[in-house]
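Before any comments, here is the structure.
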Amino acid sequence: MDVVILKDDAEVAAEAATIIRQLLRQKPDAVLGLASGNTPLATYRRLIQDCKQGLISFRDVTTFNLDEYIGLSAEDPQSYRHFMQRELFHHIDIDPGSTFLPECGVGEDPLAIGPAYEALIRSRGGIDLQILGIGQNGHIGFNEPASSLRSRTRVKTLTRDTVEANRKYFDDPLKQPRTAITMGIGSIMEARQVLLLATGASKAEAVRQAIEGPVAAMCPASMLQMHETVTVLLDREAASRLELHDYFEWVAEQKRLLLDSRADA
Ligand code: F6R
């Protein structure tokens, strides 16, 4: 795991956007795994800016989002489809037909969505880079604690805590869904590269468990310790409970020195 501690949300977004830009330059038809929620918003704003300035293009990019609520239509402002259109897709040059979420339309069988979504991801060559946020309880996607570490895309019931944390987005609590379709932890682990973003003190304990705790179903994000290529971008607050905090800063410093010496050579 490459753990990078940055000053604040803006630095996390700038670094995340740089990593995504590099990927798109190498592979203009990359397949991106996207997350909704608060954390990646600043990164999406950077990407929109880059696209408007002609630094990158999403023309040949395909995206797969991690999750979507069951029972909300695409037009519902609280659906993740609506969120993604509003916060990213409408502002970049992506083909709307290349943006996918595990959506369950009226009359569709929610149990059939997961396998079909995974087949679609496979048919596009798999995910090159997966962006993740982390829940205060260590969830990734909507894989709540005690999810199987090898789980696949499926229907998942949200914990009361997650419902509570997301309540602020819903005017009418009765309309807030308690179930979602989420990519599984096993599915996420198949992405070739993972970028986990966390900002704010409320994430500090989950971040500590994910990076320094045992690999355990009680902290789904801890499974990322078993992935070959993970970059974790943290602001100071999210990193504040890490026991190896000083070590991670030391590693970053050594890397900078190494890169500088290569540039000088
Ligand atoms: C969103 C998702 C969730 C969020 C997590 C953090 O698609 O899958 O796992 O990434 O709940 O949410 P924020 O970023 O709002 O704190």
Side-chain angles (χ1 to χ4, degrees), residues 8-10 12-13 16 32-45 63-70 72 74 76 78-89 99-104 113-114 117 121 127 129-147 149 151-170 176-189 191 194-207 209-210 217 219-224 230 232-235 237-239:
D8 51 22
D9 192 32
V12 167
L32 297 179
L34 300 179
S36 45
N38 226 24
T39 314
L41 281 179
T43 302
Y44 294 158
R45 282 196 283 269
T63 64
F64 287 95
N65 265 74
L66 283 167
D67 39 21
E68 178 57 285
Y69 290 117
I70 296 176
L72 298 186
D76 193 309
Q78 265 74 42
S79 71
Y80 281 168
R81 162 62 75 184
H82 199 280
F83 174 95
M84 291 307 300
Q85 316 266 58
R86 194 172 65 230
E87 304 295 346
L88 183 65
F89 301 150
T99 64
F100 300 99
L101 287 90
E103 294 163 276
C104 184
I113 305 295
Y117 198 62
I121 293 174
I127 291 175
L129 183 145
Q130 175 68 56
I131 298 172
L132 295 175
I134 182 170
Q136 290 176 31
N137 62 5
H139 74 207
I140 47 175
F142 274 136
N143 297 285
E144 300 287 30
S147 290
L149 295 177
S151 51
R152 309 303 310 184
T153 306
R154 68 208 182 292
V155 173
K156 194 72 194 164
T157 301
L158 314 186
T159 63
R160 287 180 202 273
D161 286 348
T162 299
V163 171
E164 199 49 51
N166 291 344
R167 177 142 296 159
K168 53 182 181 287
Y169 301 118
F170 291 85
Q176 185 179 0
R178 270 93 167 135
T179 52
I181 296 173
T182 181
M183 277 171 60
I185 302 173
S187 334
I188 291 169
M189 290 293 286
V194 174
L195 190 55
L196 175 68
L197 313 178
T199 53
S202 67
K203 301 294 175 67
E205 182 54 25
V207 164
Q209 293 285 346
C219 178
S222 66
M223 186 60 179
L224 297 173
V230 182
V232 185
L233 302 181
L234 306 171
D235 71 355
E237 289 183 341

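Numbering of ligands and ligand atoms starts at 1, following listing order. The structure presented is a predicted model; accordingly, all values stated were derived computationally and were not measured.
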Hey, does Lys203 sit under 4.0 Å from ligand 1 if you only count heavy atoms?
yes
Hey, could you give me the CD1/CD1 distance between Ile140 and Ile185, rounded to the nearest 0.5 Å?
5.5 Å
Per-atom filter on ligand 1: closer than 4.0 angstrom to a heavy atom of Asp67 are 1 (C), 2 (C), 7 (O), 8 (O)
Note: ligand 1 atoms sitting under 4.0 Å from heavy atoms of Gly141 are 2 (C), 3 (C), 8 (O), 9 (O)
Which atoms of ligand 1 are found less than 4.0 Å from any heavy atom of Leu66?
8 (O)
Which protein non-hydrogen atom lies closest to atom 10 (O) of ligand 1, naming both residue and atom, and how far is it?
Gly133 CA, 3.4 Å
What protein heavy atom is closest to atom 14 (O) of ligand 1, reported as residue, atom name and distance in Å?
Thr39 OG1, 2.5 Å
Provide the closest heavy-atom pair for Arg154 versus Gly184 in the form atom of the first, atom of the second, distance.
NH1-CA, 3.5 Å
Measure the distance from atom 5 (C) of ligand 1 to every protein heavy atom, then report the residue, atom name and distance (to 0.1 Å) of the closest one.
His139 NE2, 3.4 Å
Close N or O approach (Ser36, ligand 1; < 3.5 Å)
yes
Which distance, rounded to the nearest 0.5 Å, do you find between the CG of Leu234 and the OG1 of Thr199?
9.5 Å
Give me the atom names and distance for the closest heavy-atom approach of Gln78 to Tyr169.
NE2-O, 2.5 Å
Are any non-hydrogen side-chain atoms of Arg81 and Thr99 less than 4.5 angstrom apart?
yes
Among protein heavy atoms, which sits nearest to atom 6 (C) of ligand 1, and what does the distance come to when rounded to 0.1 Å?
Ile134 O, 3.4 Å
Can you report which non-hydrogen protein atom sits closest to atom 15 (O) of ligand 1, along with the distance?
Asn38 N, 2.8 Å
Measure across Gly135 and Ala206 and return the closest heavy-atom pair with its distance rounded to 0.1 Å.
O-CB, 3.4 Å
Are Ile121 and Met183 close enough that some pair of their side-chain heavy atoms sits under 4.5 Å apart?
yes
